[in-house]
*Asks:* 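Let me give you the structure first, and then I'll get to my questions.
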Amino acid sequence: MANLSLRGINKTYPGNVVAVDDFSLEIADKEFIVFVGPSGCGKSTTLRMIAGLEEITSGELYIGDRLVNDVPPKDRDIAMVFQNYALYPHMTVYKNMSFALELRKMPKDEIKRRVVEAARILDIEKYLDRKPKALSGGQRQRVALGRAIVRDPAVFLLDEPLSNLDAKLRTQMRAEISKLHDRLGATFIYVTHDQTEAMTMGDRIVVMKDGVIQQIDAPLNLYANPCNIFVAGFIGSPQINFIDAKIVQSESGIAAEFGEGGKHAVELSADKAELAKPYIGREVIMGIRPEHLHGEEIFTETQSARPKAGAGILDATVELSEMMGAETFLYLSAAGLPLVARISSRRSFKHGDCVKIAPDASKVHLFDKETELAICDCQKLQARP
C-alpha cells in the first residue's frame, strides 16, 4: 500500500486557463480521501493528474517515496473507476475483469483466483458469463470496481462512480464502497459533487472551489467549523441560513443584531463573544444551520431547547413545508428574511401557518463580510486564507 504527497500541484491549460492552483495534500496509507466541490472546481482534473491521464503543469506528485510526474499510468500502481463504467461491451464480465491481467501475461490460475475472489467480494459471481448489456447499472458499477480490485493496486481512484445510479442504489453502493475500503485496506481517493457522499464516506474531505482548496478536515469538523462562507454553504442540506447582522455591545454582553431595523438580536455565547469583540459596530454575516433554528413545538416539549432570554424569538410565516419522514423542512419568512428550519415531524404545517422560531445562540457561525472568512479560532482549522 502507499501514501501520496501532492506538493504545489498546478494545472494550466492553453490560454492561461488555471484548472488547479497550488494543490498541496498529504494522504496517509489506507486513508479514504474525498474531493468535493461544484462542477468545474478542478477535483476530477486533480484525480486525473494523480492517475497520469493529465500532465502536471508544475509541482511534484509522490506515490510512496517515488516521484511519479513522468511515470506512465500503467506503472503508477493505481486503478481508476470511472463515472461511465468504461466496460468492454463485447466481453463477458469475467473477461472485463481479467483483461488487464492477461495483458500483463499473468498465469491463468492466478487470474482466475483473483477474478473469482473479487466477484465473491462484490457478489457478482453469478454474472461472470454475462455481457454488460445484460446487467443493471448497479451491477455494471460492481464490475468496474471488480476490474480495479483484481489489479491489487496501492491506490484506488474513483471519479464520481455513483452519479449514474438512482437514489436508492447510490445509498446502497456508498455503503458497499465503504465496506470495500475497510476490507481491502488500500488508499481510496474519491471524487464527487454530492456533499452527502463526501460526509458519509470520507476520513477527510477536501473542499475545492475554482481549482483552489478551501478546507481540508474530517466530516464532522468540516460541518461544525467551516472556515469560510463557501464551505458553510456547500456542506449541509438544506443549506445554512445566511443573515446580514451587526455586532453590538448589549447590556448582558455582545450580541448580533439582525432583521428589519436591527430589532432582533442573538446574544453570543462567551467564546463567540470574545472572538467577535473586534467587530463591535461592524456588519458581519451570521450563519444558522436549519436544525439550529428551533421551531415553536420544540420550546414546549423540550425544556432544554427552550431559547434563553435575548435569543431572538421570531414570528415566522410558513411558505412551504416539506415532510421528509422523521423530519420536516420548513421554508419560512421571518423578520423580512427567507429562512429554512429543520425540525421533527411531530406536527404538520401548511402554507400560511404562523410559528415562532429562534436560533440556538451556541451554534451561530459568524463570518467577516469582506473576506468571507469565519470569525473563529482559525488555528483549529486546516484552512487556506
Side-chain angles (χ1 to χ4, degrees), residues 209 214-215 222-236 238-296 298-299 305-319 329-343 354-381 383-385:
K209 176 190 177 187
Q214 300 296 305
Q215 187 170 352
L222 198 69
Y223 187 79
N225 300 298
C227 73
N228 60 32
I229 285 178
F230 175 79
V231 175
F234 190 81
I235 300 296
Q239 184 177 327
I240 192 171
N241 297 290
F242 289 119
I243 302 169
D244 289 329
K246 185 177 181 180
I247 302 300
V248 297
Q249 184 77 54
S250 67
E251 293 181 1
S252 55
I254 295 177
E257 286 185 346
F258 64 96
E260 296 170 339
K263 62 182 180 181
H264 302 285
V266 176
E267 295 287 347
L268 300 179
S269 58
D271 57 336
K272 288 184 169 57
E274 186 65 28
L275 293 166
K277 275 183 180 179
Y279 286 83
I280 291 175
R282 294 170 58 185
E283 292 186 350
V284 298
I285 302 293
M286 181 169 63
I288 302 285
R289 293 210 178 272
E291 63 270 27
H292 300 145
L293 195 62
H294 297 317
E296 181 181 34
I298 298 178
F299 304 161
R306 189 184 298 275
K308 298 177 182 179
I313 299 177
L314 305 173
D315 293 313
T317 303
V318 176
E319 301 291 341
F329 299 161
L330 290 183
Y331 295 83
L332 307 166
S333 175
L337 303 167
L339 301 173
V340 184
R342 181 178 185 171
I343 64 173
C354 295
V355 298
K356 291 186 182 296
I357 58 172
D360 183 339
S362 66
K363 302 295 185 180
V364 167
H365 299 272
L366 299 175
F367 302 93
D368 186 295
K369 198 165 187 175
E370 293 182 4
T371 66
E372 298 191 350
L373 295 177
I375 301 170
C376 62
D377 184 357
C378 291
Q379 291 181 353
K380 295 180 180 179
L381 301 177
R384 292 172 64 100

*Asks:* Quick one: ring-ring contact (aromatic ring centres under 6.0 Å, His included) partners of Phe230, sequence neighbours excluded?
*Replies:*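 Partners of Phe230 under the ring-ring contact (aromatic ring centres under 6.0 Å, His included) test: Phe234.
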*Asks:* Within the structure provided, determine whether Asp368 and Arg282 are in side-chain contact (heavy-atom separation under 4.5 Å).
*Replies:*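 Asp368 vs Arg282: side chains touch.
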*Asks:* Which distance, rounded to the nearest 0.5 Å, do you find between the NZ of Lys277 and the CG of Leu268?
*Replies:* 12.0 Å
*Asks:* Whether the side chain of Asn228 engages the backbone of Glu372 through a donor-acceptor N/O pair (distance < 3.5 Å, no angle test) should be reported.
*Replies:* no
*Asks:* Check whether any side-chain heavy atom of Lys369 sits under 4.5 Å from a side-chain heavy atom of Ile285, and report yes or no.
*Replies:* yes
*Asks:* How about Leu332 and Val318: do any of their side-chain heavy atoms sit closer than 4.5 Å?
*Replies:*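 Side-chain contact under 4.5 Å: yes.
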*Asks:* Mind listing the closest non-hydrogen atom pair of Cys227 and Gln214 along with its distance?
*Replies:*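 In terms of heavy atoms, the two residues are closest at SG-O, 3.2 Å.
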*Asks:* Specify the closest pair of heavy atoms between Ile254 and Ala273, including all atoms of both residues, with the distance to one decimal.
*Replies:* CD1-O, 3.4 Å
*Asks:* Could you check if a side-chain atom of Phe258 sits within less than 4.5 angstrom of a side-chain atom of Val266, using non-hydrogen atoms only?
*Replies:*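 Yes, side chains in contact.
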*Asks:* For Lys356, does its backbone N or O pair with a side-chain atom of Asp315 as donor and acceptor, under 3.5 Å?
*Replies:*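 It does not hold such a pair.
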*Asks:* Are Glu283 and Lys246 close enough for a salt bridge, meaning some N to O gap below 4.0 Å?
*Replies:*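 Looking at Lys246 together with Glu283, the answer is no, because their closest N to O distance does not fall below 4.0 Å.
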*Asks:* With a 4.5 Å heavy-atom cut-off, do Ile343 and Phe329 have their side chains touching?
*Replies:*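 No. Closest side-chain heavy atoms not under 4.5 Å.
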*Asks:* What pair of heavy atoms forms the shortest contact from Leu293 to Ala341, and how long is it?
*Replies:*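 Heavy atoms of Leu293 and Ala341 come nearest at O-CB, 3.6 Å.
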*Asks:* Between Pro238 and Pro290, which heavy-atom pair has the shortest distance, and what is it?
*Replies:* O-CG, 3.6 Å
*Asks:* Within a strict 4.5 Å, meaning less than it, do heavy atoms of the Ile243 and Leu339 side chains meet?
*Replies:*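 Yes. Closest side-chain heavy atoms under 4.5 Å.
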*Asks:* Tell me the closest heavy-atom pair linking Gln215 and Asn225, and the distance in Å.
*Replies:*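 Answer, listing the atom of Gln215 first, then Asn225: NE2-O, 3.1 Å.
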*Asks:* On a heavy-atom basis, which atom in Ala256 and which in Ile247 lie closest, and how many Å separate them?
*Replies:*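 Result for this residue pair: CB-CD1, 4.2 Å.
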*Asks:* List for me each residue that meets side-chain hydrogen bond (donor to acceptor under 3.5 Å, both in side chains) alongside Glu291, sequence neighbours excluded, and say none if there are none.
*Replies:* Tyr223
*Asks:* Evaluate the criterion side chain to side chain contact (heavy atoms under 4.5 Å, CB included) for residue pair Val340 and Asn241; output intermediate values, then yes/no.
*Replies:* CA-CA 7 Å; Val340 184; Asn241 297 290; 3.9 Å; yes
*Asks:* Show me, pair by pair, the donor-acceptor contacts under 3.5 angstrom made by side chains of residues 357-367, not counting sequence neighbours?
*Replies:*
from	atom 1	to	atom 2	distance (Å)
Asp360	OD1	Ser362	N	3.1
Asp360	OD1	Ser362	OG	2.7

